[in-house]
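Following: one structure in structure tokens, then a few remarks.
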Amino acid sequence: MTVAEGEARASVVEGAPWWRQAAVYQIYPRSFADANGDGLGDLPGVTSRADYLERLGIDAVWLSPFYPSELADGGYDVADYRDVDPRLGTLADFDAMLDALHSRGIRVVVDIVPNHSSDRHVWFQEALAAGRGSAARERYIFRDGTGTDGAEPPSDWQSVFGGPAWERVADGQWYLHSFAVEQPDLNWSNPEVRADFVRTLRFWSDRGVDGFRIDVAHMLTKDLSEPLPSAAELELIPRDGDHPLLDRDDVHEVYAEWRAVFDSYDPPRTAVAEAWVDKARVPLYARPESLGQAFNFDLLEADFDAAQFRAVVQENLELAAASGSSSTWVLSNHDVVRHASRYGLPHPARTADGHPAQKHGSEWLLSGGTSPVLDREAGERRARAATLFVLALPGSSYLYQGEELGLHEVAEIPDAERQDPTFFRSRGAEIGRDGCRVPLPWEPSAETAFGFGSGGSHLPQPEWFGRSAVSVEEGDPDSTLSLYRRALELRHALQTAESLEWVETGRADVLRFRRPNGWEVVTNFGGSPFPLDRADAVVASVPLVEGALPADATVWFGPVALRVGAGRRPDRRSGLVPRLDGLVRDGLAS
Ligand code: GLC
């Protein structure tokens, strides 16, 4: 069943494609819900929580990889692009999940990992067996080594996860792996590779998926003409479309072909690029002729700070306008320290060009979560404020599983239980990403891995997870989960044309913006309360106090025409918005 056949979501602005202003919820399937009790989340687990997802009020789910994988990189090492990992279910389970979500009006986006396969992929096994000079090796990037007997790698390049980017095989050749050893880079100059990915895109599109998230979309094509530059030389080559390894102009030939595939479906399939490229080049990926949308990761690097937030918003709205796409907003995902924890830690030191000198939270993770001291409460409060700010921005918001519970990063995972290759390849110098991938708490009891499943949890869950369990937060109108539900409901009713106007507040630490229909948002990033000149708040991240917005908080005001009805859920047909209680108090909601 497609969504068009099911119930359409109300948030779509008349005539605009759904993805332009969607709330997309990222599921990391191995850590969401475990239906078969083997300690690993699975697709029937997702299906079993379809009502939860509907009640949350999201427009789409983005599923991180669920394909067969040896889990050398959390599933981003794909052994078969057109199947389901048997530990996660079957293709029939995938179809059942798709139906369950589609019938609830939720679209499904799947992750495509085209830069590299797993070393267990049949192609890589064939390449090893077939030997040097074979057609099978041409699907990957094999080279002879340098030095005596070719015992040195073809170049001194480092992999993204640390350690050398080349690995030697039994017959003495070397293969390139930009990430883990188990992730050999595919050769995108080979037409067979290109054709196979088109087949994969069609395979999932034919099954009914609505779109794709493209992993490291800027790395596929490479110019490996000899002599290979050294790592130091690579650093000096401008990233202007002709860099040997990154963000090459010719990658868009691949995406032009994919675009034709997407557009051959009705409705056209969508795509969003994970492209870590210079800002000015993001629109190349977001153009309608290319992937159509690109992630903007600036908020992952920004502090909870008014000036930084405003600059990020302004710049990205301009970039989105330049591409013809809509903007995207991301506060958390499976690769970074959760934003509740980032905002409870001191601001990171920055390099001369303004980027955090280290990944935010690295030092705290290395200390096992003890130093610097995490202010949990401030972090949660700021995370709620930031989320409410972001959910009101024009464009799409990408939410990461567990942030709706206000979850913190888990810093106390014993080294022996770590899984992230970053930890192993950096020899512990970097802790990696396991802390945001710990299975979700659904219930307060540790007996059932906090409701994750009867077979324990593949990453250890801390005792404090119980307090943030879904069943606990559901019963609390002031919980982060209740806030997300209310905000997402309202977002559907309030969604409007893709622009905003800044309203001056007279304070450098308070931002205020207005959407074209009069939906207004105020965020207080500062220390003292900000007196409000409106009394018709529809939702706030914390209770307002005597008509003022407290520190680290956000409030939304509805347009004048917003009609406040009774009942908890908006009526999708009439568009009536429910009366809001709980978070809006002090007589502000009349
Ligand atoms: C992307 C993914 C990350 C993965 C990497 C290699 O950055 O988000 O999780 O490790 O690609 O596939």
Side-chain angles (χ1 to χ4, degrees), residues 24-32 41 62-81 85 109-121 124 140-141 157-163 165 167 175-186 188 197 200 212-220 222 245-247 251 271-277 282 285 291 293-301 328 330-338 359 398-402 409 418-426 430-438 459:
V24 185
Y25 180 84
Q26 181 189 358
I27 290 184
Y28 187 76
R30 292 177 171 85
S31 299
F32 187 68
W62 148 30
L63 275 182
S64 279
F66 50 83
Y67 314 108
S69 168
E70 69 197 281
L71 299 185
D73 180 21
Y76 284 88
D77 46 322
V78 179
D80 182 347
Y81 291 90
D85 188 325
V109 169
V110 300
D111 223 309
I112 295 290
V113 190
N115 178 68
H116 42 265
S117 74
S118 155
D119 60 353
R120 305 285 169 93
H121 192 287
F124 194 73
Y140 292 90
I141 300 170
W157 301 346
Q158 294 290 294
S159 80
V160 174
F161 291 152
E167 181 73 6
Y175 69 86
L176 180 70
H177 59 89
S178 297
F179 292 87
V181 176
E182 300 87 349
Q183 293 169 299
D185 281 35
L186 287 158
W188 278 88
F197 272 87
T200 295
F212 301 93
R213 177 262 188 193
I214 312 303
D215 192 69
V216 291
H218 59 300
M219 289 179 68
L220 278 47
K222 297 175 179 90
L245 302 180
L246 300 173
D247 188 24
V251 78
V272 57
E274 185 211 21
W276 294 93
V277 300
V282 174
Y285 295 81
L291 292 173
Q293 200 178 46
F295 283 123
N296 134 39
F297 292 126
D298 294 349
L299 289 175
L300 298 183
E301 292 199 344
T328 57
V330 185
L331 289 167
S332 280
N333 66 27
H334 65 298
D335 288 332
V336 296
V337 170
R338 287 184 176 279
K359 216 165 157 181
Y398 284 80
L399 311 170
Y400 178 54
Q401 68 177 37
E409 184 84 359
R418 295 218 161 268
Q419 298 178 4
D420 189 350
T422 318
F423 176 73
F424 300 105
R425 290 190 61 83
S426 72
E430 276 187 57
I431 290 294
R433 306 158 294 178
D434 295 323
C436 63
R437 301 176 177 185
V438 175
L459 278 168

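Just so we're clear, the structure is a prediction, and the values are computed from it rather than from any experiment. In listed order, ligands and their atoms are each counted from 1. These values consider heavy atoms only, across backbone and side chains, with no hydrogens, waters or symmetry-generated copies.
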**OP:** Run the numbers for me: atoms of ligand 1, each under 4.0 Å from some heavy atom of D335, listed by number.
**Re:** 2 (C), 3 (C), 7 (O), 8 (O), 9 (O)

Subject >> Best match, H334, Q183, E274: closest heavy atom to atom 7 (O) of ligand 1 >> reply: E274

Subject >> Aromatic ring pairing Y81/Y67, orientation class (parallel under 30°, perpendicular over 60°, tilted between) >> reply: tilted

Subject >> ligand 1 atoms in contact with R433 (distance to a heavy atom under 4.0 Å) >> reply: 3 (C), 4 (C), 9 (O), 10 (O)

Subject >> Counterpart residues, salt bridge (Lys or Arg N to Asp or Glu O under 4.0 Å), relative to D77 (two or more places apart) >> reply: none

Original post:
Tell me, which protein residue and heavy-atom name are nearest atom 10 (O) of ligand 1, and how many Å apart are they?
Top reply: D73 OD2, 2.7 Å

Subject >> Ion pair check, R425 and D420, cut-off under 4.0 Å >> reply: no

Subject >> Candidate pair W188 and V251, rule side-chain contact (heavy atoms from CB on, under 4.5 Å), full reasoning >> reply: CA-CA 9 Å; W188 278 88; V251 78; over 6 Å; no

**OP:** Would you check whether M219 reaches within less than 4.0 Å of ligand 1, judged by its heavy atoms?
**Re:** no

Subject >> Enumerated ligand 1 atoms positioned under 4.0 Å from heavy atoms of H116 >> reply: 6 (C), 12 (O)

Subject >> Where ligand 1 meets F161 - atom numbers and elements under 4.0 angstrom, heavy-atom basis >> reply: 10 (O)

Original post:
Counting from 1, what ligand 1 atoms have a heavy atom of R437 closer than 4.0 Å?
Top reply: 9 (O)

Original post:
What residues form a side-chain hydrogen bond (donor to acceptor under 3.5 Å, both in side chains) with Q401, not counting sequence neighbours?
Top reply: none

Original post:
With the threshold set at 4.0 Å, does a side-chain nitrogen-carboxylate oxygen contact exist between R213 and D215?
Top reply: yes

**OP:** Report the relative orientation of the aromatic rings in H334 and Y28; use parallel for angles under 30°, tilted for 30 to 60°, perpendicular for over 60°.
**Re:** parallel

**OP:** Please work out which of I214, N115, D215 has its closest non-hydrogen atom nearest to atom 12 (O) of ligand 1.
**Re:** D215

